[in-house]
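Remarks on the structure that follows.
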Amino acid sequence: MSTAPAQQEIEEAAVSAPALFDLERMRNYPRIVLGIFLLSAILLVVTSHDGLDLKDRPLGYDFITFWGASELTLDGRPEAAFDMDQAHEAQQKAVPATQAAYLWHYPPTFQLLVAPLALLPYALSFFVFTALGFGAYLYACRPLLNQPTPYWLLAAFPATLLCLYHGQNSLYSAALFAGAALASERRARGALWAGLFIGLLAFKPQFGLLIPFALIAAGQWRIFFAAAVATLCFCGLATAVFGFGLWQAFFGNLELVRTIFEDGLLPWAKMPSAWVFFRYLGVGADTAYALQALVALGAATVVVIVWRRIGMTRASWAVLVSASLLVPPYLFDYEMALLAVPLAIIASDMAVNGSGRGEKLWLLALVLIPPLTSFLANATHLQLGFPLLLAALWLAVRRSLRETA
């Protein structure tokens, strides 16, 4: 089917939109954002010393954890990634001047994926890892964004740039969600591909918890079983390579994660979860967990209702991804890069079907504010990232229900 009429509708809608969203600005703003990011990256490198930035953090930041785990894995000591002293020793092979130890909290599935990283020098490995993730993200999300200059808009999404800055893996998660949504639209082998992409999300399982509920609610049994098989195969492969001992080390490490999380040794300002939001308001830890559970239950209920009501559509995928970010208490700001998937779907729907100025302004806020939540939390002692995630789910649900209006 030709996309020319749809593209014409999109361009006409953009031209008739308020000046904030006209075509010229949509072409220029992403270039300005990317230019600022590149200049900041250059400045970061130029002002660094011995591989450390001005705050004595290693360039590549969180990526040093991945590279260090790979170094230990290739050395035949995968369990040592969970040992602070051995992990720090491996990380100093990447950046000898680093004094802080960056802890590893990932399951064997992700350790399997990062195992080859230390085959390359640290800097080169960082660029390969981030470039592959960025490329996969752009390739997978591009069909979801029916807008002029889609690649520029996706590349300049500030949460994406924050993820690149940290050397994190959220762009891979976004690519897998987008790939599953697109594959689910295809007949024949589409269910198998969608199941495979969902199964690969087991490298970060907290984001896949709502997927079974959605698929069951929509009666998508082929994808459900394909995803179950893919997940079991992925976990089975990691077990075959590393043995059950690495799973024991991973689960045994969860108590340490809980301790450092609750004690504030992880930066709450960078964590936009419900748990952190309520802790900032002075709520006790146990009560905050109960409220987090209620939020997760509410998100799951919304997903089930939407998927049962409208079935499996791009709009329902937007609801699922938005809701998935509300489930884990352990969540960082760079993981809001996953919002690129629902926001791309929502923006495309707005362009074709129209929207009010209020919805456009909410969309703009969801694009621009996520990377600022850490700064705002430090300034106000409020975690505004959580209300933003609620707003993303609200907007996704609002747009999805238009399909049944």
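Basis for what follows: all heavy atoms, side chains included, without hydrogens, waters or symmetry-related copies. A quick note: this is a predicted structure, and the numbers were derived from the prediction, not measured.
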For Phe261, does its backbone N or O pair with a side-chain atom of Trp268 as donor and acceptor, under 3.5 Å?
yes

Taking side chain as C-beta onward, heavy atoms only, is Ile216 less than 4.5 Å from Phe224?
yes

Whether Gln91 side chain and Tyr102 backbone form a donor-acceptor pair below 3.5 Å
yes

Is there a side-chain contact between Ile369 and Leu376, using heavy atoms and a 4.5 Å cut-off?
yes

Quick one: are Leu161 and Pro371 in side-chain contact, heavy atoms under 4.5 Å?
no

Are the side chains of Leu113 and Tyr172 in touch, meaning some heavy atoms are under 4.5 Å apart?
no

Side-chain heavy-atom pair Leu209, Ser324 within 4.5 angstrom cut-off
no

Would you say that Phe157 contacts Val367 through its side chain, given a criterion of any heavy-atom pair below 4.5 Å between the two side chains?
yes

Heavy-atom check, side chain of Thr313 versus side chain of Ser400, under 4.5 Å
no

Okay, side chain of Gln292, backbone of Val327: is any donor-acceptor separation there less than 3.5 Å?
yes

Distance-only, no hydrogens or angles: does the Ser273 side chain make a donor-acceptor pair with backbone N or O of Tyr330 under 3.5 Å?
no

Please determine which of Tyr122, Phe63, Trp67 meets the ring-ring contact (aromatic ring centres under 6.0 Å, His included) test together with Phe129.
Phe63

Gln111 side chain vs Pro78 backbone, donor-acceptor pair below 3.5 Å
yes

Treating Ser70 as the side-chain partner and Phe66 as the backbone partner, does any N or O pair qualify as donor plus acceptor under 3.5 Å?
no

Hey, is the main chain of Ala377 close enough, under 3.5 Å, to the side chain of Gln383 for a donor-acceptor pair?
no

Is there side-chain contact between Leu339 and Leu389, with at least one heavy-atom pair below 4.5 Å?
yes

Any sub-3.5 Å donor-acceptor pair from Ser184's side-chain atoms to Ala194's backbone N or O?
no

Under the 3.5 angstrom rule, does the side chain of Gln92 hit a backbone N or O of Glu89 as a donor-acceptor pair?
no

Does Thr109 use its side chain to pair, donor to acceptor, with the backbone of Ala202 at less than 3.5 Å?
yes

Consider side chain to side chain contact (heavy atoms under 4.5 Å, CB included). Of Ile260, Leu265, Asp83, Val257, which one does Leu103 pass it with?
Ile260

Shortest non-hydrogen contact from Tyr165 toward Tyr61
O-CB, 4.4 Å

